[in-house]
Amino acid sequence: MEKFKRKGLKFIVIAVLAVTVVTGVVIFAMNRNNASYVQADKKKQAGIMLKKMDLTKSISATGTIESGSSKTVSAQLNGLEVKKVYAAVGSQVKKGDKLLEFDTTDLEENLAEARENLEEAREDYNSSVSLAQSRLTDAQSTYNSDKKSLEKKVSDIKKSLDKIKKQVKKLKKSVANAQDREEKISLEEQLSKAEESKKNIQNEYETAKNNRENTNKQNSSSIDNAEESLRTARSGGQKSIKEAEKQVKEAEEQLAGCKVKATASGTVTAVYVEAGSIYNGGDIVQIDNISSYKVVTSVDEYDISSISKGQRVVILTAATDEEELEGKITFIAPSAGNTGTSGINGVDNSSSSGYEVEIAINTKDERLRMGMTARCSIILEEAKDVFAVPYDAIHENQDGTNVIYVEEMPDQDVQEREITEESGNTQDSNGYREIEVTKGMESDYYVEISGDGLSEGLRVIIPTDSDISDENEDNKQDADGIELPGMGGMPGGMPGGGFSGGMGNRKNFSQ
């Protein structure tokens, strides 16, 4: 029984010790989350001297330098031998300079033959049109002649008919008035003959009119046929002439195309033919204007909507010793191509679709060459001469306000301390004070801040895991977004605990 009591007492002691340890850990953790714990291990803190700087927000992209303008020269020819090449890679040419000469013997013969065919076509045209015109003239003459003679014949017969009609009328009257039998018989005989003559003349008159009508129709049809023949001769002849003229023009153009000349001034960067080879179409010479350059790059689909033509670009190349070159966007492709691109804040984004972008290099530099790699920063936003601190120097309180912690200098006088308290900034008794700030523009590594109590020379506290001496920290600020050595992901270690660093997980410094 006594042995059992000793074991029970042993378990009670162990339980009490465990509770004591847990309680100590909880209290320790609570103390680390209290703002009064600001005086923790200084080896886990780094400081920078607050100063004004220029900030930029940009999209980064890598591209290749090309000439400002490039022209390729070709010819609309096939199957010709290259007689002589005047251009050479690296040579300077002016617009209109002769670049190449072809063997034009066959083309010259083709042109001579085409011109002969044209002359024959013109002669045939003149001959056929002249014949057709002559036939038309004859038909018109016949029509007019026959019409005149037939009209006269009809008119003459009409007169005879009218005359016999009057005679018949007169004889009828005489017969009716005759008293003497013998006289009446004689007049009746005359009347019978006159009526017979009238009948004959009437038939002759009708025949003459029908003949006139039929003859006029036939002659008119002959005229129509002659006019149609004339139109056919003209249209057919003109068609033949146009076809012959087309052949002459093509032969002339082919011959003229053999005079290959520079379409622009610049430097010959490629020659695709050589003397003695047979040319069957394609590029002959490439001419580039290397007095101006551009960068051809691509921008990811997530960033393309942020850029526009005319936007400022800062360009860096290894050949120019990292000197900043000025450029601007001159072209943005309307559709995407298959590329890999770099994204905002310099983060590489591999993508199957990027948009081609051309950037004119405005800074002249003799060290630039085609084919060089260029790193481009497309400027989205800039802030000049502003206070800025690294992201991890800014902390958010529970009430949503942003603050920075600055190191209290030992020789700060009482009046300055009172002013600090009146401005709403808290003073810590352990050598640190809190200053409320308003965030502005954000760059890759820095955030613009403004607020009462900010001045150049203040020492801003930054959490870090590494030992960084105060002397070295003054030299580790970089307005262009260069990462500070030792800052890395900037995990916790700031007195007060709980700060995890980075852009996406900042905790209240004073918690």
Side-chain angles (χ1 to χ4, degrees), residues 76-80 104-171 193-259:
Q76 299 298 319
L77 301 169
N78 284 289
L80 290 183
T104 60
T105 303
D106 291 341
L107 293 181
E108 289 172 353
E109 291 178 355
N110 292 340
L111 177 57
E113 183 178 351
R115 286 174 174 169
E116 289 178 2
N117 292 337
L118 175 59
E119 187 62 29
E120 289 178 1
R122 287 172 176 168
E123 290 177 357
D124 290 343
Y125 171 81
N126 292 333
S127 176
S128 61
V129 168
S130 177
L131 179 59
Q133 183 65 58
S134 177
R135 289 174 178 174
L136 175 60
T137 301
D138 291 343
Q140 290 173 337
S141 176
T142 301
Y143 174 85
N144 292 331
S145 176
D146 288 349
K147 182 179 181 181
K148 185 178 180 180
S149 64
L150 291 173
E151 286 288 349
K152 185 177 184 306
K153 184 175 182 180
V154 170
S155 178
D156 291 343
I157 295 174
K158 180 68 168 57
K159 290 178 181 179
S160 298
L161 181 60
D162 291 341
K163 183 178 180 180
I164 196 64
K165 284 181 178 180
K166 289 179 181 181
Q167 186 179 356
V168 169
K169 185 177 180 181
K170 183 178 179 181
L171 287 172
K193 291 179 180 179
E195 287 179 341
E196 182 68 24
S197 179
K198 174 187 172 184
K199 183 179 179 180
N200 292 333
I201 294 173
Q202 182 68 44
N203 290 335
E204 185 179 355
Y205 176 68
E206 295 297 329
T207 301
K209 286 198 301 181
N210 290 335
N211 186 43
R212 180 189 64 180
E213 183 177 352
N214 292 333
T215 301
N216 287 341
K217 285 182 178 179
Q218 290 176 358
N219 290 337
S220 179
S221 178
S222 296
I223 291 174
D224 291 341
N225 292 335
E227 287 177 342
E228 180 63 26
S229 296
L230 178 59
R231 285 192 294 268
T232 302
R234 284 175 175 170
S235 62
Q238 289 172 351
K239 184 177 180 180
S240 297
I241 290 174
K242 287 183 178 179
E243 184 64 29
E245 287 176 340
K246 181 181 178 181
Q247 292 177 357
V248 170
K249 184 178 180 180
E250 289 177 351
E252 289 175 342
E253 288 177 348
Q254 285 185 328
L255 195 58
C258 293
K259 299 176 181 178

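As the structure is a computational prediction, the values presented were derived from the model and not from experiment.
- Atoms OG and NZ, from Ser235 and Lys242 in turn, are 10.0 Å apart once rounded to the nearest 0.5 Å.
- In terms of modelled atom types and a separation under 3.5 Å, the side chain of Thr142 and the main chain of Asp138 share a donor-acceptor contact.
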Can you list the steps and then say if Gln167 with Glu195 is a side chain to side chain contact (heavy atoms under 4.5 Å, CB included)?
CA-CA 9 Å; Gln167 186 179 356; Glu195 287 179 341; over 6 Å; no
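- Taking CG from Asn225 and CG from Leu230, the interatomic distance works out to 12.5 Å, rounded to the nearest 0.5 Å.
- Note that CG of Leu131 is 11.5 Å distant from CG of Leu136, once rounded to the nearest 0.5 Å.
- A donor-acceptor pair under 3.5 Å is absent between the side-chain atoms of Ser145 and the main chain of Ser141, judged by distance alone.
- In terms of modelled atom types and a separation under 3.5 Å, the side chain of Ser197 and the main chain of Lys193 share no donor-acceptor contact.
- Rounding to the nearest 0.5 angstrom, the gap separating the OG atom in Ser149 from the CG atom in Asn144 is 11.0 Å.
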Start with the C-alpha distance between Gln247 and Asn117, add both sets of side-chain angles, then the distance that settles side chain to side chain contact (heavy atoms under 4.5 Å, CB included), and finish with yes or no.
CA-CA 9 Å; Gln247 292 177 357; Asn117 292 337; 4.1 Å; yes
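- Taking 4.0 Å as the cut-off between side-chain N and carboxylate O, Arg231 and Glu228 count as a salt-bridged pair.
- Thr215 places a side-chain N or O within 3.5 Å of a backbone atom of Asn211 that can act as its donor or acceptor partner.
- At distances below 3.5 Å, at least one donor-acceptor pair connects side-chain atoms of Ser128 with backbone N or O atoms of Asp124.
- Residue Tyr205 holds its OH atom at 7.5 Å from CG of Leu161, rounded to the nearest 0.5 Å.
- One finds no salt bridge joining Glu151 and Lys158 here, because no Lys/Arg side-chain nitrogen approaches an Asp/Glu carboxylate oxygen to under 4.0 Å.
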For Tyr143 and Ser220, run side chain to side chain contact (heavy atoms under 4.5 Å, CB included): C-alpha distance rounded to whole Å, both residues' side-chain angles, the deciding distance at 0.1 Å, then the answer.
CA-CA 7 Å; Tyr143 174 85; Ser220 179; 4.2 Å; yes
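- Note on Asp162 versus Lys166: no salt bridge recorded, every NZ/NE/NH1/NH2 to OD/OE distance being 4.0 Å or above.
- In summary, Arg115 and Glu252 engage in a salt bridge, as defined by a charged side-chain N under 4.0 Å from a carboxylate O.
- Listed for the Asn216 side chain is a donor-acceptor partner under 3.5 Å among the backbone atoms of Arg212.
- Of the inter-residue distances, the one linking Glu204 atom CD with Glu206 atom CD reads 11.5 Å to the nearest 0.5 angstrom.
- By the 4.0 Å N-to-carboxylate-O rule, Glu213 lies too far from Lys209 to be salt-bridged with it.
- For Gln254 and Glu250, the side-chain atoms include no donor-acceptor pair closer than 3.5 Å.
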